[in-house]
Protein chains: 2
Amino acid sequence: MPKDQRPATPAAVSVRDVAALARVSPTTVSNVLSGNRRVSEETQDRVRWAIDQLGYRPNLSARNLRLNRTGLIAVAVPEIDVPYFAELIRHVVQGAREHGYTVLVDQTEGRIEAEQFVVDGMNRGMVDGILLSPLGMTRAEYDQRRDDTPLVLLGERIVGKGIDHVGIDNVAAAEDATRHLADRGRRRIAAIGHQTPRGGGTAPQRTKGYRKALRSAGLPYDPTLVVPTRNYHRLDGAQAMADLLDSGALPDAVFCYTDLLALGALHTLHQRGLKVPDEVAVIGIDDIDEGRYSLPTLTTISPNKPTIAQTALDLLLTRITTKEQDPQQVVIPHTLEQREST
Amino acid sequence: MPKDQRPATPAAVSVRDVAALARVSPTTVSNVLSGNRRVSEETQDRVRWAIDQLGYRPNLSARNLRLNRTGLIAVAVPEIDVPYFAELIRHVVQGAREHGYTVLVDQTEGRIEAEQFVVDGMNRGMVDGILLSPLGMTRAEYDQRRDDTPLVLLGERIVGKGIDHVGIDNVAAAEDATRHLADRGRRRIAAIGHQTPRGGGTAPQRTKGYRKALRSAGLPYDPTLVVPTRNYHRLDGAQAMADLLDSGALPDAVFCYTDLLALGALHTLHQRGLKVPDEVAVIGIDDIDEGRYSLPTLTTISPNKPTIAQTALDLLLTRITTKEQDPQQVVIPHTLEQREST
DNA sequence: CTGAAAGCGCTTACAG
DNA sequence: CTGAAAGCGCTTACAG
């Protein structure tokens with residue numbers, strides 16, 4: 001039989017075992033690994049050899065207990081499979097790795113208890129920091145936080161200061177989108193995606209920007225052109241568009257609060273035989289990859305997800321290292337990506 | 001000043017503090033929390049009261065060190081923002097929560113070292129189990145695994161037995177897709193997405209199923225109709241379709257190895273003014289939500305992601321509880337979802 | 001029904 | 001340049 005014998009037990013190898021084999025103290029093994037203090041070349045070699053021999057790998061739980069950290073950060077979003085969040089998480093995971101952190105994902109699905117749990121630090125000591133894209137949390141609930149795990153909010157700005165936050169200017173984004181439609185001569189511009197969730201949320205801000213742009217363009221505000229949606233899936237956009245058309249309020253343009261809603265709206269417009277953009281122009285927000293391949297391709301407000309992810313991560317890591325500091329609200333510039341739908 | 005005074009230090013409250021306040025031993029506090037042994041009602045009340053007073057929450061690192069577990073499972077996929085994976089992860093996260101586990105995500109991006117790292121248990125003691133959707137790992141590399149963290153493979157079957165695996169029958173799936181096209185009278189059926197990665201992978205299996213179906217249908221195998229792609233993004237599908245048309249090999253149907261490729265192909269077909277499905281029929285695999293809203297909607301092979309996620313999770317949790325057991329290869333049935341593109 | 005003590009595997013003052 | 005010892009916060013035999 002070739003190959004060396006298989007280890008009797010996969011056994012947990014500890015610093016002690018390595019130390020014994022290398023004929024040094026656990027202290028030294030630890031120092032070789034951490035580089036925290038000088039160790040002679042010769043000793044280092046022996047230690048490394050022993051580590052190799054035994055296939056030693058440090059036990060993270062023990063290290064974490066001792067160091068009072070975990071190397072983990074949590075990112076909590078309403079739904080992982082909503083492309084905007086999936087793309088954002090991708091950037092977060094990449095960035096975290098560069099800083100030696102691993103990412104744990106949580107899905108709140110709009111459940112307040114789930115957001116509460118996240119805000120209260122998940123389980124104590126489970127993560128070093130938290131990135132949360134909130135949906136329903138109110139300011140009061142943040143203030144009741146019984147946990148001091150660093151927390152940075154994404155996307156949605158909670159009313160008032162005092163909480164770290166990274167996102168785009170939602171009022172301006174909606175205004176830019178709506179103005180884009182008005183500039184192209186559209187007069188009856190509908191808005192799909194209004195909501196008034198308990199926490200405040202981005203939807204009212206987008207509605208605000210929409211109305212602001214109408215005003216600037218000298219267009220009347222027609223409430224029948226504003227369609228609220230329960231969620232922000234393709235289905236919601238498709239239904240909202242259908243409802244709008246059924247109501248007889250024929251728009252010549254639609255500003256959708258997210259790309260997913262816009263993609264759903266495109267689907268309905270096609271079914272109803274309406275030409276986009278000739279008869280109805282459509283614009284969304286998020287700049288998800290899907291909009292580059294839809295028929296027609298989708299004009300959108302691009303939030304620069306890589307920058308949002310990186311900025312949020314940097315802010316969070318700063319908080320982890322240096323607690324206590326003035327909370328920051330960072331606004332990331334957005335751009336308009338024109339494509340075929342307008 | 002109303003409200004009670006803020007705690008001088010957010011201080012780490014430990015079992016010891018709770019025990020002291022409740023006038024019991026740490027042992028008892030621990031037992032109240034775990035329910036591992038009977039504690040008198042009265043004592044329980046005192047302990048719970050103390051916990052509440054102090055806002056105590058157990059330190060996970062310490063518990064993990066003691067219990068030799070973490071309550072974490074890792075799920076590693078090539079790309080988080082590929083809809084198929086995002087949807088799968090969603091189900092995994094949901095299922096894991098039901099079992100009291102939290103999910104840590106990793107993105108391998110097809111890097112062998114990243115897959116190696118995952119297979120070697122990430123960092124020791126960091127996770128209790130691993131779900132990996134591999135890309136390039138070879139069988140030999142699995143055999144060299146220096147770690148015994150339970151591991152279940154998703155999607156891609158590694159050559160040979162000996163490793164837990166959950167996925168669909170890729171040969172049959174490709175065969176069904178191709179037959180569906182042949183059954184509708186298509187004679188020149190192209191295939192987009194062939195690859196021959198080092199680990200083996202699903203692509204060759206899908207090509208095999210494609211050829212098998214051609215044979216059954218009495219159609220000739222034309223290598224010029226098989227277009228390999230570097231990745232499985234929309235862009236790759238769009239380019240492959242363009243290359244195919246440019247080559248002059250006009251197909252009347254296209255079997256794409258994933259929905260994303262198919263969506264890219266649809267984009268190109270539209271640009272070139274070819275009618276789908278009249279002139280060219282298109283089918284994919286994955287059943288991502290996007291295909292229900294594309295123009296036209298996309299016929300696809302649906303892998304039943306909820307079942308895949310749940311089965312993989314169940315298998316993994318079984319391994320975590322009961323190590324040592326015969327490795328299982330579970331094949332999840334797929335279905336064909338017919339939509340407008342065929 | 002309850003407690004005192006040991007120990008999980010690390011790292012870091014303290015000491016030389 | 002190196003080591004002996006303490007301790008992070010838990011849980012679980014062992015004992016009563």
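Every chain is numbered from 1, with letters handed out A, B, ... down the list of sequences.
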C:dA4 pairs with, by Watson-Crick or G-U criteria that keep both distances under 3.5 Å: none

Going by purine N1 to pyrimidine N3 plus the second Watson-Crick contact, or the G-U wobble pair, all under 3.5 Å, which nucleotide sits opposite D:dA13?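 Here D:dA13 is not engaged in any pair, so there is no nucleotide opposite it.
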
Listed nucleotide nearest any side-chain atom of [X], set [options]:
X	options	answer
B:R63	D:dG3, D:dT11, C:dG9	D:dT11
A:V39	D:dT11, D:dT2, D:dC10	D:dT2
B:V15	C:dT11, C:dG9, D:dC10	D:dC10
A:S40	D:dT2, C:dT2, C:dT12	D:dT2
A:L65	D:dG3, C:dG9, C:dG3	C:dG9

Using a 4.0 Å heavy-atom cut-off, does [X] contact any base of the nucleic acid, only the sugar-phosphate backbone, or nothing at all?
X	value
A:R37	base
A:L60	nothing
B:S61	nothing
B:N36	sugar-phosphate
A:T43	sugar-phosphate
B:N64	nothing

B:V127 pairs by side chain to side chain contact (heavy atoms under 4.5 Å, CB included) with which of B:I73, B:T102, B:T149, B:V118? B:T149

Checking side-chain polar atoms at under 3.5 Å, does [X] have a donor or acceptor matched by the opposite partner on [Y]?
X	Y	result
A:Q94	B:E109	yes
B:T43	B:S40	yes
A:T70	A:N64	no

In whole angstrom, give the distance that lies between atom [atom1] of [X] and atom [atom2] of [N].
X	N	atom1	atom2	value
B:L67	D:dA13	CG	C1'	14 Å
A:N31	D:dC1	CG	C1'	10 Å
B:D45	C:dC1	CG	C1'	15 Å
A:R16	D:dG3	CZ	P	15 Å
B:I51	D:dC10	CD1	C1'	13 Å
A:R57	C:dC10	CZ	C1'	16 Å
A:N59	C:dT11	CG	C1'	13 Å
A:R38	D:dT2	CZ	P	9 Å

I'd like to know whether CD of A:E113 has more than 12 heavy-atom contacts from other residues, nucleotides or ligands below 6.0 angstrom. yes

Does B:S25 make a side-chain N or O approach to OP1 or OP2 of C:dG3 shorter than 4.0 Å?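 So the side-chain polar atoms of B:S25 do come within 4.0 Å of the phosphate oxygens OP1 or OP2 of C:dG3, strictly under.
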
Are A:S14 and C:dG9 close enough that a side-chain N or O sits under 4.0 Å from OP1 or OP2? no

Could you check if a side-chain atom of B:Y56 sits within less than 4.5 angstrom of a side-chain atom of B:V15, using non-hydrogen atoms only?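 Sidechains of B:V15 and B:Y56: in contact.
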
A:R66 or B:T27: which one's nearest nucleotide on DNA chain D is closer to the 5' end?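 Here A:R66 is the residue nearer the 5' end.
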
Relative to the 5' end of DNA chain C, which residue comes earlier, B:R23 or B:A62, by the nucleotide with the nearest heavy atom?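 Residue closer to the 5' terminus by nearest nucleotide: B:R23.
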
